[in-house]
Amino acid sequence: MTDTTGKTEAMTPLWEVFIRPRNGLHHRHVGSLHAADSDMALQAARDVYTRRGEGNSIWVVRSSEIAASDPSFAEPMFEPADDKIYRHPTFYDIPDEVGHM
Amino acid sequence: MYSQGLIGADSSTTESEEFLAAFQSRIDREEKIEPNDPMPEGYRRTLVRQIGQHAHSEIVGMLPEGNWIARAPTLRRKMALLAKVQDEGGHGLYLYSAAETLGVSREQMTEELLAGKAKYSSIFNYPTLTWADIGAIGWLVDGAAIMNQIPLCRCSFGPYARAMIRVCKEESFHQRQGYEIMMELAKGSEEQKEMAQDALNRWWWPSLMMFGPHDSDSQHGDQSMAWKIKRFSNDQLREKFINATVPQAKFIGLSVPDPDLQWNAEKQGYDHGEIDWSEFKAVVSGEGQMNRDRIRDRNKAHDDGAWVREAALAHAQKRANKQHIPQEAAE
Ligand SMILES: [Fe+2]
Ligand SMILES: [Fe+2]
């Protein structure tokens with residue numbers, strides 16, 4: 001995919017990078033980068049995001065493969081959780097004499 | 001860095017008063033703005049411009065230092081400089097990614113840089129003539145960058161703030177390696193000391209210019225402050241930098257090339273001499289010593305790498321056609 005001047009015009013795909021700092025922890029989103037394929041994305045992620053011992057495992061995901069919730073519907077999406085205080089332990093009265101529960 | 005003296009951003013915006021007030025109150029509550037959130041067009045435009053210029057500065061900033069990697073005086077110095085320049089490339093990448101979340105593509109930004117249409121920090125249009133310049137850049141240029149980047153870690157735009165946190169973590173070794181170079185030279189032979197002083201003489205004023213025009217002459221400072229993109233004014237950061245740096249120069253026996261520099265006990269800070277803004281304007285508008293070389297070198301690097309990008313994409317295409325199944329991530 002080159003234009004008439006012979007310069008590369010094709011877009012190199014965007015990847016999201018997730019790194020696990022060490023065993024026992026979740027992979028965490030750390031940023032993104034461009035790479036032609038998953039091998040090169042992993043290589044670039046190692047070079048860019050783990051130069052100072054930031055992790056021992058990397059995931060890369062094509063950004064276009066991520067489905068995201070719509071921020072303009074954040075209220076109807078997440079508000080129902082706010083008034084369900086009975087989901088929290090402090091909603092229930094247990095006498096002190098019972099001890100820790 | 002490098003973004004403090006933001007060059008020519010248009011923060012004008014056309015939304016309703018109500019929309020702007022609602023946005024401003026989110027900012028005032030110190031809520032972070034994330035890429036898909038509603039935001040004024042002027043806010044988006046200012047950020048694209050600022051983050052873009054910042055990213056370009058990191059990338060172009062590799063060139064003056066790259067000039068000395070092969071000529072570093074010892075293996076230790078060479079490893080440190082190589083690591084620093086590699087970091088700067090990474091900083092460019094984090095920043096392009098942050099700008100991309102606002103709907104501009106990296107290809108587009110790269111094209112603007114290569115065409116000479118994009119601005120980047122004026123500091124990188126000065127030549128690196130001696131090894132001491134590498135010391136001066138780390139100490140002064142990265143030092144000024146840190147002053148600017150620390151408050152950007154609290155910038156209202158989430159992706160920019162997060163990129164800055166990574167950058168700031170990496171930045172402090174840059175300044176320390178530069179100061180160490182200057183320190184060694186300053187306690188070396190007469191010639192070495194002269195070389196260090198000469199580098200300080202040449203880099204001092206351009207470093208002060210990195211913070212951008214005086215507040216009284218800066219057109220977009222106020223809106224950026226209100227939107228909490230910026231947290232301090234150009235002059236505030238410049239003074240902070242001077243107050244931190246002058247004692248460091250004294251400590252290694254070098255003198256700051258400003259005859260008007262004077263401690264002001266009342267404000268507990270230094271008063272400094274006039275900055276030559278005509279030089280700044282000339283460099284920004286393309287008349288610096290190295291403007292043409294920098295853009296030419298970036299174009300060469302980009303063109304020389306074209307076959308690599310094409311081959312990588314062709315290989316990826318071929319692999320995709322073979323229905324290669326990548327290793328699945330497993331929790
Ligand atoms: Fe940097
Ligand atoms: Fe740096």
Side-chain angles (χ1 to χ4, degrees), chain A residues 1-3 5-20 23-54 57-75, chain B residues 33-39 83-84 86-87 89-101 105-108 110-111 114-115 158-159 162-163 165-167 169-170 173 299 302-303 305-320 322 324-331:
Chain A
M1 266 179 273
T2 53
D3 69 5
T5 62
K7 283 199 176 173
T8 307
E9 287 296 317
M11 304 260 273
T12 309
L14 190 62
W15 301 77
E16 300 302 322
V17 180
F18 300 80
I19 290 179
R20 184 174 61 205
N23 282 10
L25 297 176
H26 287 291
H27 285 74
R28 253 187 83 188
H29 184 243
V30 294
S32 54
L33 52 79
H34 288 266
D37 60 26
S38 56
D39 284 349
M40 292 189 78
L42 285 168
Q43 189 99 40
R46 190 209 63 165
D47 290 347
V48 176
Y49 291 107
T50 65
R51 289 200 300 281
R52 289 174 174 83
E54 285 90 339
S57 169
I58 304 175
W59 291 348
V60 290
V61 183
R62 280 284 288 265
S63 308
S64 56
E65 300 290 314
I66 291 180
S69 63
D70 183 343
S72 52
F73 289 106
E75 265 186 37
Chain B
I33 307 301
E34 293 296 341
N36 296 326
D37 291 350
M39 63 181 81
K84 177 189 189 293
Q86 192 188 12
D87 276 352
H91 297 174
L93 186 144
Y94 310 150
L95 286 157
Y96 283 130
S97 299
E100 282 184 288
T101 65
S105 76
R106 190 182 66 178
E107 282 81 0
Q108 212 175 315
T110 303
E111 222 161 83
L114 295 177
R162 291 192 287 273
I165 290 168
R166 283 193 69 84
V167 166
K169 272 190 201 152
E170 303 183 349
F173 119 72
N299 272 292
H302 189 77
D303 293 345
W307 72 271
V308 179
R309 294 189 296 279
E310 279 164 19
L313 283 169
H315 177 70
Q317 192 61 50
K318 218 163 130 188
R319 243 176 53 140
K322 277 195 198 150
H324 174 94
I325 297 152
Q327 184 159 358
E328 234 170 78
E331 186 62 54

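Quick note on labels: first sequence line is chain A, next is B, and so on, each numbered from 1.
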For this session: Show your reasoning for whether side-chain contact (heavy atoms from CB on, under 4.5 Å) applies to A/Ser38 and B/Arg319.
Result: CA-CA 10 Å; A/Ser38 56; B/Arg319 243 176 53 140; 3.2 Å; yes

Exercise. What pairs with A/Asp47 under salt bridge (Lys or Arg N to Asp or Glu O under 4.0 Å), at least two apart in sequence or on another chain?
Worked result: none

Problem set entry | A/Phe18, part contacting chain B, at a heavy-atom distance under 4.5 Å | neither

For this session: Would you mind checking if B/Lys318 and A/Asp37 are paired as a salt bridge, meaning a charged N to carboxylate O distance below 4.0 Å?
Result: no

Problem set entry | Nearest heavy-atom neighbours spanning A/Val30 and B/Arg166 | O-CD, 4.4 Å

Exercise. If you check every heavy atom in residues 64-71 of chain A against those of chain B, which residues fall under 4.5 Å?
Worked result: A/Pro71

For this session: Please round to the nearest 0.5 Å and tell me the distance separating atom CD of A/Glu54 and atom NZ of B/Lys169.
Result: 7.5 Å

Exercise. Does the side chain of B/Leu313 come within less than 4.5 Å of A/Pro13's, by heavy atoms?
Worked result: yes

Problem set entry | Nearest atoms (heavy-atom pairs only) where B/Ala316 meets A/Ala36 | CB-O, 3.3 Å

For this session: Working to the nearest 0.5 Å, report the span between CZ of A/Arg51 and CD of B/Gln86.
Result: 5.0 Å

Seminar exercise, completed: Under 4.5 Å to a heavy atom of chain A? For B/Thr101 that would be neither

For this session: Under 4.5 Å heavy-atom distance to chain A, tell me which part of B/Glu34 shows up: side chain, backbone, both or neither.
Result: neither

Exercise. Is it true that a side-chain atom of B/Glu107 and a backbone atom of A/Thr12 form a donor plus acceptor pair closer than 3.5 Å?
Worked result: yes

Seminar exercise, completed: Heavy atoms of A/Tyr49 and B/Leu93 approach each other most closely as OH-CD2, 3.7 Å

Exercise. Is the count of non-hydrogen atoms from other residues, nucleotides or ligands lying under 6.0 Å from A/Met40 atom CE greater than 12?
Worked result: no

